[in-house]
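Remarks on the structure that follows.
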Amino acid sequence: MEPAIKYRLIKKEKHTGARLGEIVTPHGTFKTPMFMPVGTQASVKTMAPEDLKEMGAGIILSNTYHLWLRPGEDIVEKAGGLHKFMNWDRGVLTDSGGFQVFSLAKLRDISEEGVAFKSHLNGEKLFLSPEKAIHVENALGADIMMSFDECPPFFESYDYVKKSVERTSRWAERGLIAHQNPATQGLFGIVQGAGFEDLRRQSARDLVGMDFPGYSIGGLSVGESKGEMNRVLDFTTPMLPEDKPRYLMGVGSPDALIDGVIRGVDMFDCVLPTRIARNGTTMTSQGRLVVKNAKYSEDFRPLDPKCDCYVCKNYTRAYIRHLIKADETFGIHLTSYHNLYFLINLMHQVQDAIEQDNLLEFREAFFEEYGYNEN
Ligand SMILES: CNc1nc2cc(C(=O)NN)ccc2[nH]1
């Protein structure tokens, strides 16, 4: 049977672990490395599908936990699945709810069977098992689905993380068995293990043995330093098959994306660009710019003079500042659009650098201009 998801490695960058590739999905083929906008509740906040297409988005995310609670997976299924529901005909990826249950819900009890918890919306008692999570993702109909896992705190004890990794591997196996649409929905395994190299190896070995079409690296960007994240990536990505995509969950900032690509990561997602946009903070080639600051009240330049996005071609810092101060929602639409474009376009520039085998030079120039000092 043809797998729903295929990865084509096009080129390896000569001096790093970076790869230029393509991920083939039932809703299109997309070049990697790529940044995926997050649309938690079946909407990338303030963005219409036309905006997302115009900025070059290929795959967007939605959260199983949120959509299960509201409106319910059966409504999305009756609508014909997420693509129909939100009028988006390119790629969709859903996470399994594992991370949300551990980070959002009032956690009650984790057992071999799954996780009992209370809804963050109304306190209702709920239970999520690997089978339930996979069946909800089947109903939502995303092209790429995540296994149900536990994302342990990065600083948990070795013994706790070891037991968690072993259970996550058993849950991954149960998810594979429960998966109802492998021909149209690719299920990724999620490597856990916090900062322990041997536990990451055990997790990767277990999951690679189950032959998933792609692998996520979970349990990072949860409070550890960037140095720690890079250290874990240094030994984790080489444990994963070269001919499958690697997806680093919940990352991130421009420097973390570039450093993740250098270590062999192909796919990223993060709420950062849209979250900081809502309080008027934008990403520019010269670093962060908090456009609502008074000093921009008569600044008629674009957010980023080097950016060629719709927002930077048509609007000024002064106008966007005014909208944000006046609580005009068009203002956060503009900052959100620009921030998403900034990261999507950054990945296109990284693709070019891989093509030219000068990714390290690109990194140095980008970090210098953005104002990143080596931590
Ligand atoms: C914002 N940081 C961040 N870390 C994440 C980790 C996971 C994970 O391990 N899922 N199984 C998911 C989303 C994340 N977002």
Side-chain angles (χ1 to χ4, degrees), residues 35-41 45 59-68 93-105 107 110 114-115 117 120 128-130 132-134 136-137 142 144-156 160-161 164-172 174-176 187-196 199-200 203-204 206-207 210 212 214-226 228-230 232-233 236-237 240 245-257 259-260 265 267-276 339 343:
F35 178 78
M36 305 182 287
V38 175
T40 296
Q41 304 184 103
K45 288 182 172 50
I59 298 176
I60 63 174
L61 263 74
S62 278
N63 282 11
T64 299
Y65 169 83
H66 292 79
L67 295 170
W68 174 43
L93 183 152
T94 49
D95 70 354
S96 59
F99 182 73
Q100 274 65 39
V101 164
F102 291 101
S103 61
L104 252 186
L107 188 60
I110 177 169
V115 190
F117 60 95
H120 75 291
L128 204 46
S129 65
K132 178 63 182 171
I134 293 299
V136 173
E137 291 186 85
I144 302 175
M145 300 167 30
M146 292 300 122
S147 296
F148 187 71
D149 68 334
E150 180 189 6
C151 171
F154 191 81
F155 301 102
E156 256 297 354
Y160 181 91
V161 176
S164 171
V165 161
E166 288 162 352
R167 181 170 49 211
T168 280
S169 294
R170 293 192 295 272
W171 284 358
R174 286 169 52 187
L176 269 176
L187 177 60
F188 280 21
I190 303 180
V191 176
Q192 291 289 359
F196 305 106
L199 298 184
R200 286 279 174 183
S203 179
D206 290 350
L207 298 174
M210 298 176 206
F212 285 98
Y215 295 92
S216 303
I217 299 167
L220 291 175
S221 185
V222 287
E224 79 284 1
S225 72
K226 288 195 172 157
E228 269 295 278
M229 174 152 71
N230 287 334
V232 172
L233 290 174
T236 301
T237 45
L240 300 172
R246 294 100 173 243
Y247 159 35
L248 177 54
M249 307 180 87
V251 173
S253 55
D255 58 323
L257 263 61
D259 283 340
V265 175
M267 301 160 74
F268 301 87
D269 90 275
C270 195
V271 295
L272 185 76
T274 38
R275 181 166 294 173
I276 62 172
N339 282 355
L343 292 184

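One is the number of the first residue; the rest follow in order along the sequence. Remember, it's 1-based here, ligands and their atoms both numbered in the order they're listed.
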Those residues at least two apart in sequence (or on a different chain) that pass side chain to side chain contact (heavy atoms under 4.5 Å, CB included) with L257 are F35, V251, F268, L343, M347
Check: T40 side chain, N63 main-chain N or O, donor-acceptor pair, under 3.5 Å: no
Nearest heavy-atom contact between E150 and W171 is N-CZ3, 4.0 Å
I'd like the atom pairs linking ligand 1 to the protein - N or O on both sides, separation under 3.5 Å - with distances to 0.1 Å.
residue  : atom   : partner : partner atom : Å
ligand 1 : 2 (N)  : S221    : O            : 2.7
ligand 1 : 2 (N)  : S221    : OG           : 3.3
ligand 1 : 4 (N)  : L220    : O            : 2.8
ligand 1 : 9 (O)  : Q192    : NE2          : 3.0
ligand 1 : 9 (O)  : G219    : N            : 2.8
ligand 1 : 11 (N) : D149    : OD1          : 2.9
ligand 1 : 11 (N) : D149    : OD2          : 2.6

Side chains of Y247 and L93, heavy atoms from C-beta outward: is any pair under 4.5 Å? yes
### Message
Over 60° means perpendicular and under 30° means parallel, so tell me whether H66 and H120 are parallel, tilted or perpendicular.
### Response
perpendicular
Exercise. Among side-chain atoms of E137 and T94, is any donor-acceptor pair under 3.5 angstrom?
Worked result: yes
